[in-house]
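Each remark here refers to the structure printed beneath this line.
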Amino acid sequence: MEKSVGRSGRRDEKPLEIRELPYRATPCLHSPLTQLYGKNYSMETPPKAISEAEELRVAIESHNRLYYQLDAPEVTDAEYDRLMRRLEKLEAEYPGLVTPDSPTQRVGAAPIEEFGTITHTIPMLSLKNVRNREEAVEFDAQIKRFLKLAPDADIEYAVEPKMDGLAVELIYVDGKFTKGSTRGDGITGEDITANLRTVRSIPLTLAKSDDVVLPRLLEVRGEVFIPLDRFNELNNERELAGEEPFANPRNAAAGSLRQKDPAVTAKRPLDIFCYGLGATEGITFRGQTHTYTIGYLKKLGLKTNPETKQVRNIIEALNVCTRLEEERESFGYEIDGAVVKVDTISLQEDLGEIARSPRWAVAYKFKPKEEATLLEAITLSVGRTGAITPVAELAPVEIGGVTVRHASLHNFDEIKRLDIRIGDTVVVQRAGDVIPKIIRVEKEKRPKETQKFALPTECPVCKGEVTREKAILYCSSTLTCPAQVTGSIAHFVSKRAMNIDGIGEKQIAQLLESDIIKDISDLYSLKEGILAGLDRWGELSAKNAVKAVEGSKAPELARLIYALGIRGVGETGARLIAEEFRGLEAFMALQHGSKWEEKDEERPEVQYVIKILAALSDIHGIGEEIANSVVDFFSEAHNRSVIERLLGLGVDPKVPKEAEGSLAGKVYLFTGTLTGISRDRAREMVERAGGRTVTSMSKTVDVLVAGAKAGGKLAKAEKLGIRVIDEEQFIIEMGEMNEK
Ligand code: IVH
């Protein structure tokens, strides 16, 4: 019995031979389309300029390919830039030379109002899923039944990572990129040509070589994505600019491709892997394999996934799937499964499709990062700002190896939007280290007598009045609600604020209950003797607590501002405010009568603060709301008196050095364990010297300080050529700087 169904020829020995193609297309030089795009030079353009521009384009495209596709650049960035500038200059001199596919034209298009639509010549199908070995083996068995093959016949497959990005189609006519679209509903997608043109790894012109035939028409399908390190870099940049970071690389990629202004897309680190074909003209792959077509795409300069593997049967395919799942975190981009495709094209054709999915391919889904579970209750927690946050209490469920019991519901609008009800089966998603999140409700599983979640009408802790600001409910008893008072003092002492060790939330609640403290200023008059006499305190803990309070008396101004817990003012905002105002005086001048009135806003001291905060909000996106929140905070007589008491008790904030410190503009990242100093302290040292610190690895980082057991970030830094120093060297350098 014939056991092997598949390609002719032997798998392991045969190199890719494009010459073997059974059909050779008309060479593209004679095509009318090429003449239209490539040879419409005006008569005044000197032949020398024409040939030089052509040479430059060929060189630039080739360097692009080496850099973006093969990861093997042959020239320096400076040399590449020089070629680009020369071409730009030539094109500026002789506008007739400009072609739409010139490498200078990637960001040429103007912003648009609305995307047009493109109907795919061949529908873009979606894949059925299998979730385990059994289902994969059944997929293989079905194929054999359909093809009337013996149950023990071997079907050859190609296995490749299933990229978690956005599916697109690229249309090349005579080797020129002419149109590109999203998958849309599979039949029609959006015309995102101008945006795709900006993706550097998408060639604008396909590579010509002796052993490859350029088809007249080539529709290529692939997945656009953002590599993880570039994603981190993008989010770091957004963080530093005070912008909201993207939730995940997929969203970032999708959002970037749907920008109305290609200049914005051009700044996003988009990449592509091509994995298949749509319609073609002038070439056929009948008698070939999928693996062969991927090799062909690669020859044309299109980027394909190097992880693509060819295997003999479903068992080997499953082994590749398992390996891909194990190595999932090491690829540098997100994958959510593997795609198993029948390798032989003629068999793919025989198998056809059913219900918008091919019979010849399947997605082997990895262990999901989302799972359905029962929502048992919604509890309400009151934070230090008075914000009342709903928390989902879940029937414990394992997601990606971690047991999840609670999920964030974000705010009450989210509950309304998703119509989440107690008793519902909800889908919970866990991504990386992020707090699990409910992403939808399985409404069909909803029991009969559920009720819409009713918004709280009073504070769940102090029964105080509730006010609403946008989607957030607040308890209005700022000064008396125990949850808020405890929360705000706990925030004040926390590590990144005043860093007072030895006094935590429990101790704060106890001190409040026993009337030893009423607000943050009372911390500075704590007495060892009194503390030592309290339940669960001893002499040592009392002594340490008082010492920690003493030790916090000379904080950086930014830390103190952050510690005050002004609504909306995080660490970055506090730092900007501290750098700009260099003291609290301007804020303390915001006095007013017993009631804040509109006319207060006309007073010069109020206008001064608002003006500077507004300027900050323009530069760094602090936002008008935060500016107002700061003014409101300091306008409150109680807050000012607490601050006056703090200052009176010896708290003396240190004003940061001017930003032109020796590290101005430098970005530091710490990894591994520091032994001599704490990470927070190290961060502070950098910031004091005018530098900035970030938490994830990317090209924006100038120096990586690697402590003991540094792992992934260190490897990445080395790969990116980022300067790496150890803790000792860091201390030496910081010391040297102080001496300067
Ligand atoms: S093949 C008929 N290969 O998965 C074949 N798809 O549900 C259909 N995807 O929309 C696509 N990586 O966005 C294929 N290596 C890969 C893929 C892949 C990701 C996505 C693609 C498609 C969806 C299919």
Side-chain angles (χ1 to χ4, degrees), residues 242 381-389 411 459 461-462 464 466-467 469-470 472-501 503-509 511-512 517-524 526 548-549 552-553 555-581 583-584 586-588 590 596 609 613 616-617 622-623 625-647 649 651 653-654 680 684:
S381 89
V382 182
R384 63 181 169 86
T385 58
I388 304 173
T389 319
N411 60 39
C459 168
V461 176
C462 73
V466 164
T467 56
E469 270 174 47
K470 295 198 182 137
I472 303 174
L473 295 185
Y474 289 95
C475 160
S476 57
S477 323
T478 318
L479 302 173
T480 52
C481 174
Q484 287 186 63
V485 177
T486 315
S488 60
I489 303 179
H491 170 72
F492 183 81
V493 300
S494 67
K495 226 180 171 55
R496 309 188 71 98
M498 300 294 275
N499 191 20
I500 301 178
D501 239 2
I503 304 181
E505 204 160 320
K506 277 196 194 120
Q507 288 82 0
I508 291 165
L511 295 175
L512 281 168
I517 61 170
K518 285 199 174 59
D519 58 56
I520 47 175
S521 68
D522 298 327
L523 293 170
Y524 290 88
L526 282 177
V549 171
S552 75
K553 277 186 169 170
E556 258 193 80
L557 178 62
R559 275 182 176 253
L560 178 63
I561 293 175
Y562 171 64
L564 292 175
I566 304 164
R567 194 182 285 177
V569 178
E571 285 178 279
T572 314
R575 214 174 314 136
L576 293 171
I577 292 171
E579 269 164 26
E580 204 58 39
F581 287 90
L584 293 172
F587 300 106
M588 297 306 271
L590 299 176
W596 182 256
V609 172
L613 287 170
L616 274 183
S617 75
I622 282 192
E625 276 168 53
I626 299 180
N628 286 332
S629 159
V630 175
V631 173
D632 285 352
F633 181 90
F634 285 97
S635 304
E636 185 85 49
H638 169 82
N639 291 337
R640 270 204 321 275
S641 91
V642 168
I643 294 168
E644 266 157 19
R645 261 183 286 146
L646 277 181
L647 302 178
L649 287 162
V651 175
K654 296 283 166 273
D680 281 340
E684 202 178 303

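Everything numeric here is computed off the predicted structure, so don't read it as measured data.
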Salt bridge (charged side-chain N to carboxylate O under 4.0 Å, His left out) involving Arg384 - partner list, sequence neighbours excluded: none

So, the side chain of Gln484 versus the backbone of Cys475: is there a donor-acceptor pair under 3.5 Å, distance only? yes

By side chain to side chain contact (heavy atoms under 4.5 Å, CB included), which residues pair with Val493, not counting sequence neighbours? Ile500, Ile508, Leu523

Counting only N and O atoms by type, is there a donor-acceptor contact under 3.5 Å from the side chain of Asp501 to the main-chain atoms of Ala548? no

Can you tell me how far CD1 of Ile520 sits from CD1 of Ile643, rounded to the nearest 0.5 angstrom? 7.0 Å

Can you name the nearest heavy-atom pair linking Leu557 to Gly583, along with the distance? CD2-N, 3.1 Å

Is there a side-chain contact (heavy atoms from CB on, under 4.5 Å) between Ile503 and Val549 once you walk through the steps? CA-CA 9 Å; Ile503 304 181; Val549 171; 4.0 Å; yes

Run the side chain to side chain donor-acceptor pair (under 3.5 Å) test against Tyr474 and tell me which residues pass, sequence neighbours left out. none

Return the set of residues passing salt bridge (charged side-chain N to carboxylate O under 4.0 Å, His left out) with Lys553 (not counting sequence neighbours), or none when no residue passes. Glu550

Go through the structure and list residues passing side chain to side chain contact (heavy atoms under 4.5 Å, CB included) with Val461, not counting sequence neighbours. Val382, Cys459, Cys481, Pro482, Ala483

Rounded to the nearest 0.5 Å, how far apart are CD of Glu556 and CZ of Arg575? 8.5 Å

For the residue pair Asn499 and Asp680, establish whether any side-chain heavy-atom pair is separated by less than 4.5 Å. no

Ring pair (Phe, Tyr, Trp, His ring centres under 6.0 Å) partners of Tyr562, counting only residues at least two apart: His491

Rounded to the nearest 0.5 Å, what separation is found between the CG atom of Leu647 and the OG atom of Ser521? 10.5 Å

Residues that Glu571 engages under salt bridge (charged side-chain N to carboxylate O under 4.0 Å, His left out), provided they are two or more places apart: Arg496, Arg683

Which residues satisfy the side chain to side chain contact (heavy atoms under 4.5 Å, CB included) test with Val485, sequence neighbours excluded? Ile489, Leu512

On a heavy-atom basis, the closest approach of Ile472 and Ala387 is CG2-CB, 3.9 Å

Just to verify, what does Glu505 make a side chain to side chain contact (heavy atoms under 4.5 Å, CB included) with, not counting sequence neighbours? Thr486, Ala490

Would you give the length of the straight line joining atom CZ of Arg645 to atom CG of Asp522, rounded to the nearest 0.5 angstrom? 6.0 Å

Going by side chain to side chain donor-acceptor pair (under 3.5 Å), name the residues that satisfy it together with Gln507, two or more places apart in sequence or in a different chain. none

Spacing of CG belonging to Leu564 relative to CG belonging to Leu646, to within rounding of 0.5 Å: 7.5 Å

Short N-O contact, Arg567 and Asp632, less than 4.0 angstrom: no

Taken in chain and number order and not counting sequence neighbours, the residues that satisfy side chain to side chain donor-acceptor pair (under 3.5 Å) with Ser552 are Tyr524

For the backbone of Met498 and the side chain of Arg559, can you confirm whether one donor and one acceptor N or O come within less than 3.5 Å of each other? no

How long is the gap from CD1 on Ile566 to CZ on Phe587, to the nearest 0.5 Å? 7.0 Å

Residues at least two apart in sequence or cross-chain that pass side chain to side chain donor-acceptor pair (under 3.5 Å) with Asn411, listed by chain then number, are none

